[in-house]
Amino acid sequence: MTDRMNRQWRLAARPQGTFKDSDFKWTEEPVRDLEDGELLVHNKYISLDPTNRGWAERDTYLPAVKLGDVMRGGTIGVVEESRNANFRVGEHVSGLLGWQEYAVTNGAGLSKLPDNPTIPLTAYMGLFGHIGLTAYYGLLDVCQPKAGETLVVSGAAGAVGSLVGQIGKIKGLRVVGIAGSDDKCRWLTQELGFDAAINYKTENVSEALKRACPTGIDVYFENVGGAILDAVLAQINIGARISVCGLISQYNATEPAPGPYNLAMLIVKRARMQGFLVTDYMDRAQEAMAELGGWLMQGKIKYRVDVVEGLEQTPRAINKLFDGSNQGKLVVKI
Ligand code: NAP
């Protein structure tokens with residue numbers, strides 16, 4: 001037994017509605033000794049993602065987290081001990097090692113991070129991680145946008161949405177973002193170069209879309225679902241493409257969500273709406289990272305990271321994703 005103590009959040013109950021403190025249980029236990037082939041990772045950051053809500057409640061594209069298990073979550077950490085020839089002490093790795101300070105693992109599913117001191121570790125949970133990949137392929141591969149077209153993105157000031165809009169601008173599109181506060185809308189238009197932004201909490205989204213998209217909507221990047229999707233569907237053009245990335249407005253729902261009522265517009269406009277999972281694009285990650293990195297160096301793309309300090313804060317911090325108080329990619333610094 002090593003003298004290290006592990007601190008962990010375990011799933012204690014299936015969430016109903018928003019996560020509650022009682023959905024998680026704090027545990028502490030000694031870190032066990034390594035066996036041959038294993039390594040010990042000291043986690044430094046946890047990625048909090050809307051999909052964590054689904055993992056805690058039911059089987060999705062991954063099986064539900066078992067009650068009593070450490071809560072699943074994306075992590076970045078440093079190898080502190082190794083009896084695995086593929087990993088050296090001091091290397092940084094990302095993986096799904098969960099809401100805990102230490103993890104003993106055989107290395108399956110871990111990725112080594114490049115040793116580049118100019119890139120903050122948190123970037124590998126955002127622009128240079130699953131978030132960047134989601135934005136890049138969800139827009140460019142799923143929607144096949146063409147210069148001059150109009151792109152609307154919901155959840156526009158979030159981690160994925162803010163990158164989608166900026167990639168849209170780089171590709172010569174007119175970009176309209178939908179977000180939940182005036183501050184977020186100002187950030188989109190004044191800092192990120194969006195052509196227009198709509199505050200869905202204070203504006204009539206249908207009316208605002210008519211003003212912001214005078215030639216209709218060619219591409220819609222869907223992060224939220226529900227009433228916003230309906231408003232967009234009513235204004236799509238012939239041949240429109242819609243990538244269904246996420247439906248966050250429904251993740252905490254305790255009753256089936258009504259609508260959208262405008263789905264028949266897909267027929268009228270011969271439009272394509274396609275769901276996708278970032279995991280489908282993992283083997284093409286290098287291609288996206290090279291281009292995203294180039295855009296970052298050229299000052300064409302910006303990203304922000306919202307760091308919450310302390311493993312203890314994790315269960316409360318995740319609700320920032322659902323009340324919209326996160327400013328960019330949400331991570332916990334352990
Ligand atoms: P994020 O956008 O940084 O944070 C979530 C944001 O969603 C909040 O800041 C909030 O912004 C907005 N929101 C919350 N509840 C809402 C509601 N009821 N109606 C409208 N907006 C609401 O999170 P992210 O990690 O970038 O994820 C964005 C979306 O992408 C999620 O739907 C997620 O599930 C999806 N995703 C999918 C994949 C994939 O492989 N398909 C991969 C990664 C992420 P406001 O202040 O604007 O309300």
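Indexing begins at 1, ligand by ligand and atom by atom, following the structure's order.
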So if I count the atoms of ligand 1 from 1 in the order they appear, which ones are less than 4.0 Å from some heavy atom of V278? 39 (C), 40 (O)
Of the protein's non-hydrogen atoms, which lies at the shortest distance from atom 9 (O) of ligand 1, and what is that distance? N326 OD1, 2.5 Å
For N204 and E207, indicate whether the former's side chain and the latter's backbone hold a donor-acceptor pair under 3.5 Å. yes
Can a salt bridge be assigned to the pair R14 and D23 using a cut-off of 4.0 Å between side-chain N and carboxylate O? no
Measure from NZ or CZ of R10 to the centre of the six-membered ring of W99 and say whether it is under 6.0 Å with the direction within 45° of the ring axis. no
Quiz: residues 115-125 side-chain donor-acceptor pairs under 3.5 angstrom, not counting sequence neighbours:
{"unit_1": "N116", "atom_1": "OD1", "unit_2": "T118", "atom_2": "N", "d": "3.0"}
{"unit_1": "N116", "atom_1": "OD1", "unit_2": "T118", "atom_2": "OG1", "d": "2.6"}

Per-atom contacts, ligand 1 versus G158 - under 4.0 Å to a heavy atom: 1 (P), 2 (O), 3 (O)
No-hydrogen, no-angle side-chain donor-acceptor test under 3.5 Å, R72 and N52: no
shortest atom 13 (N) of ligand 1-to-protein heavy-atom contact is with I248 CG2, 3.6 Å
Test: R32 and E38 ion pair at under 4.0 Å: yes
Should the proximity of T134 to ligand 1, defined as any heavy atom under 4.0 Å, be assigned to the side chain, the backbone, both, or neither? side chain
Looking only at protein heavy atoms, identify the closest one to atom 34 (O) of ligand 1 and say how far it is in Å. Y251 OH, 2.8 Å
May I ask you to check whether over 12 heavy atoms, not counting those of E28, lie within 6.0 Å of atom CD? yes
Atom NZ of K333 with >12 non-hydrogen neighbours under 6.0 angstrom: no
Give the atom numbers and elements of ligand 1 that come within less than 4.0 Å of a heavy atom of A179. 47 (O)
At under 4.0 Å between heavy atoms, is it the side chain or the backbone of A159 that contacts ligand 1, or both, or neither? both
Ligand 1 N/O within reach of Y200 N/O, cut-off under 3.5 Å: yes
Output yes when the distance from some N or O of ligand 1 to some N or O of F276 is under 3.5 Å, and no in every other case. yes
Distance from atom 32 (O) of ligand 1 to nearest protein heavy atom, with residue and atom: N223 O, 2.9 Å
Which atoms from ligand 1 have a heavy atom of S249 less than 4.0 Å away? 17 (C), 18 (N), 19 (N)
Is the terminal nitrogen or CZ of K112 (NZ for Lys, CZ for Arg) located under 6.0 angstrom from the six-membered ring centre of F87 and within 45° of that ring's axis? yes
What protein heavy atom sits nearest atom 14 (C) of ligand 1, and how far off is it? L321 O, 3.2 Å
Are a donor atom and an acceptor atom from the side chains of T51 and D49 found within less than 3.5 Å of each other? no
min-distance protein heavy atom vs atom 25 (O) of ligand 1 -> P50 CD, 3.3 Å
Say you draw a straight line from OH of Y102 to NE2 of H42; how long is it, rounded to the nearest 0.5 Å? 4.0 Å
L247 heavy atom under 4.0 Å from ligand 1: yes
Are any of the N/O atoms on G161, whether in the backbone or the side chain, positioned under 3.5 angstrom from an N/O atom of ligand 1? no
The protein heavy atom nearest to atom 26 (O) of ligand 1 is V160 N, 2.8 Å
Less than 4.0 Å is my threshold; does some heavy atom of I178 fall inside it relative to ligand 1? no
Counting only heavy atoms not in R88 (residues, nucleotides, ligands), do more than 12 fall under 6.0 Å from its CZ? no
Please verify whether a non-hydrogen atom of C245 lies at under 4.0 Å from ligand 1. yes
What atoms of ligand 1 come within less than 4.0 Å of a heavy atom belonging to G246? 32 (O), 35 (C)
The closest protein heavy-atom partner of atom 11 (O) of ligand 1 is K184 NZ, 3.4 Å
The answer for which part of I131 has a heavy atom under 4.0 Å from ligand 1 is side chain
State which residue, out of K320, R304, K184, fulfils the side-chain hydrogen bond (donor to acceptor under 3.5 Å, both in side chains) condition with Q327. R304
